[in-house]
Amino acid sequence: MPNFTNKCPVCEHEKFDIIGQLNEKNPPVSIPDGSAIVSCNHCDLIYVSPMPHWSKEDYAKLYDATYFTHLASEENKNWLNMRENVIPKKRFEIIKSHLKTDKRKLLEVGAGEFAFMCCYMAKEGWEITAQEPGEAFHEKLQKINGLKIETSDITELEGEYSVIFADSVLEHVPDPVAYYKRLAQLLTPGGVLYTVSPNERSTYNFLLNIMAKRKGASPSYIAPYKPPYHLTGFTKKSLQILAEKSGLTLASYKKAEDYMAFHALNSGKSAALKYPLALMYSLSQRVGLGTNGEALFVKGE
């Protein structure tokens with residue numbers, strides 16, 4: 001059974017605005033009465049209140065072997081190629097411009113069953129480690145050449161890494177301060193922490209929330225009790241606070257490169273629908289309303 005907390009998990013302020021009540025049908029784990037998606041009045045973090053700190057058994061139920069099935073489907077072949085080759089290369093170019101150490105050790109946090117960044121960095125000659133506590137994903141990870149797999153929780157992990165990469169991971173964490181502090185400790189001086197998490201205040205979510213409100217469904221933010229089970233939605237301000245609490249510097253934050261236009265163009269929708277959608281997503285990305293938030297933190301030398 002999970003434990004629950006009520007303060008903002010980033011800045012610990014107790015005042016918030018309620019965005020919407022949770023109204024899920026047949027959730028995989030029980031939802032406490034009065035649970036809501038809220039926005040912190042101090043750091044603007046979107047989070048679920050009360051915040052569930054799930055047990056190991058709960059996590060095994062939520063993140064089972066079917067969690068990534070959609071990525072490996074035939075219709076996602078082009079997207080899988082982008083995730084394996086194009087996107088890691090772009091992110092590595094950004095990382096290299098901030099890296100101030102010659103060490104070449106990568107830790108990918110919450111690598112899932114694909115470990116995309118590990119696979120790319122191995123081609124660049126890096127020593128690669130994938131942290132993944134979910135047993136359901138270990139079989140596929142074991143097939144990646146040269147990959148060291150760490151099954152411990154990140155707060156228990158040891159070692160020192162020049163780059164730590166976390167894609168779509170930290171929004172699942174109920175206590176982000178503890179995780180960021182531990183990641184900072186694992187970074188070598190001059191190292192880079194690169195995180196990718198959803199921008200909950202995106203055009204895409206705005207449209208989904210209009211639909212959710214019309215249906216009387218839960219608001220389309222973070223989805224703590226249905227896939228993908230996100231508990232927090234970070235903002236630049238909340239990430240800045242996390243950096244300060246963990247002894248890092250937030251060197252860059254952008255809400256771009258979300259590839260929603262790519263998804264629209266590769267969908268099975270008619271041309272009359274997919275081209276206007278792709279244009280809207282492309283424009284949204286340019287003005288900071290894309291679906292991705294990518295943050296780069298550096299550790300002082």
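Note that the structure is a prediction, hence the values are computed from the model and not measured.
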_Over 60° means perpendicular and under 30° means parallel, so tell me whether Trp126 and Phe92 are parallel, tilted or perpendicular._
perpendicular

_Inter-residue atom distance Leu296.CG - Phe165.CZ, 0.5 Å rounding_ = 11.0 Å

*Do Ser162 and Thr188 have side chains that get closer than 4.5 Å, going by heavy atoms?*
yes

*To the nearest 0.5 angstrom, please state how far the CG atom of Asn292 sits from the CG atom of Asn199.*
8.5 Å

_Close side-chain approach of Leu242 to Pro176, heavy-atom, < 4.5 Å_ = yes

_Nearest heavy atoms of Pro189 and Glu160, plus distance in Å_ = CD-OE2, 4.1 Å

*For the atom pair SG (Cys40) and CD (Glu12), what is the distance rounded to the nearest 0.5 Å?*
10.5 Å

*Going only through I, L, V, M, F, W and Y residues with side-chain contacts under 4.5 Å, is there a path from Tyr120 to Tyr194?*
yes

*Start with the C-alpha distance between Asp175 and Thr5, add both sets of side-chain angles, then the distance that settles side-chain contact (heavy atoms from CB on, under 4.5 Å), and finish with yes or no.*
CA-CA 10 Å; Asp175 187 357; Thr5 53; over 6 Å; no

_Looking at every non-hydrogen atom in both residues, tell me the closest pair between Pro228 and Ala223 and how far apart they are._
CD-CB, 4.1 Å

_NZ/NE/NH1/NH2 to OD/OE distance under 4.0 Å, Glu93 and Lys90_ = no

*Of all the heavy-atom pairs spanning Gly146 and Ile128, show the shortest one and how long it is.*
O-CG1, 3.5 Å

_Show the nearest heavy-atom pair for residues Pro52 and Leu231, with the distance to one decimal._
CG-CD2, 3.9 Å

_To check you understand the geometry: which heavy-atom pair defines the closest contact between Leu186 and Gly159, and what is its length?_
CD2-O, 3.4 Å

*Taking everything shown except Gln185 itself, do over 12 heavy atoms lie less than 6.0 Å from its CD?*
yes

*asked:* Would you compute the distance between atom OG of Ser49 and atom CD1 of Ile19 and round it to the nearest 0.5 angstrom?
replied: 11.5 Å

*Under a 4.0 Å N-O cut-off, is there an ion pair linking Arg91 with Asp167?*
yes

*Compare every heavy atom of Met51 with every heavy atom of Pro9, then report the nearest pair and how far apart it is.*
CG-CE, 3.9 Å

_Does atom NZ (Lys236) have a neighbourhood of more than 12 heavy atoms from anything else shown, all under 6.0 Å?_
no

*asked:* If you apply the rule side-chain contact (heavy atoms from CB on, under 4.5 Å), what do you find for Glu24 with Ser35, and how did you get there?
replied: CA-CA 11 Å; Glu24 307 295 358; Ser35 288; over 6 Å; no

*asked:* Taking Tyr47 as the starting point, is it possible to reach Tyr180 by hopping between hydrophobic residues whose side chains are less than 4.5 Å apart?
replied: yes

*asked:* Donor-acceptor pair, distance only, cut-off 3.5 Å: does the side chain of Glu113 make one with the backbone of Lys140?
replied: no

*In the single-linkage hydrophobic clustering (I, L, V, M, F, W, Y; side-chain heavy atoms under 4.5 Å), do Met117 and Tyr179 co-cluster?*
no

*Pairwise ring-ring contact (aromatic ring centres under 6.0 Å, His included) hits with a residue in residues 226-251, at least two apart*: Tyr63-Tyr229, His172-His230

*asked:* Regarding Glu158 and Arg182, does a basic nitrogen lie under 4.0 Å from an acidic carboxylate oxygen?
replied: yes

*asked:* Take a 6.0 Å sphere around CD of Glu156 and say whether it holds more than 12 heavy atoms from other residues, nucleotides or ligands.
replied: yes

*How far does CG of Leu239 sit from CG of Asp44, to the nearest 0.5 angstrom?*
11.5 Å

*Any side-chain heavy-atom pair from Val173 and Thr232 closer than 4.5 angstrom?*
no

*With rounding to the nearest 0.5 Å, note down the distance linking NZ in Lys245 to NZ in Lys181.*
7.0 Å

_Show, in sequence, the C-alpha distance, side-chain angles and deciding distance for His13 and Asn41, and conclude whether the side-chain contact (heavy atoms from CB on, under 4.5 Å) test is met._
CA-CA 8 Å; His13 281 242; Asn41 284 352; over 6 Å; no

*Taking Lys299 for its side chain and Ala184 for its backbone only, find out whether a donor-acceptor pair lies under 3.5 Å.*
yes

*Kindly work out whether a path of hydrophobic side-chain contacts (I/L/V/M/F/W/Y, heavy atoms less than 4.5 Å apart) joins Ile164 to Leu99.*
no

*Check step by step if side-chain contact (heavy atoms from CB on, under 4.5 Å) holds for Thr291 and Asn205.*
CA-CA 8 Å; Thr291 56; Asn205 266 2; over 6 Å; no

*Has the side chain of Gln131 got a donor or acceptor atom that lies under 3.5 Å from a matching backbone atom of Gly110?*
yes

*Check for a donor-acceptor pair, side chain of Glu200 on one end and backbone N or O of Ile222 on the other, with a separation under 3.5 Å.*
yes

*salt bridge (charged side-chain N to carboxylate O under 4.0 Å, His left out) contacts touching residues 119-129 (sequence neighbours left out)*: none

*Flag yes if Leu170 and Val192 sit in one hydrophobic cluster, no otherwise; membership is Ile, Leu, Val, Met, Phe, Trp, Tyr, and two members link when side-chain heavy atoms are under 4.5 Å apart.*
no

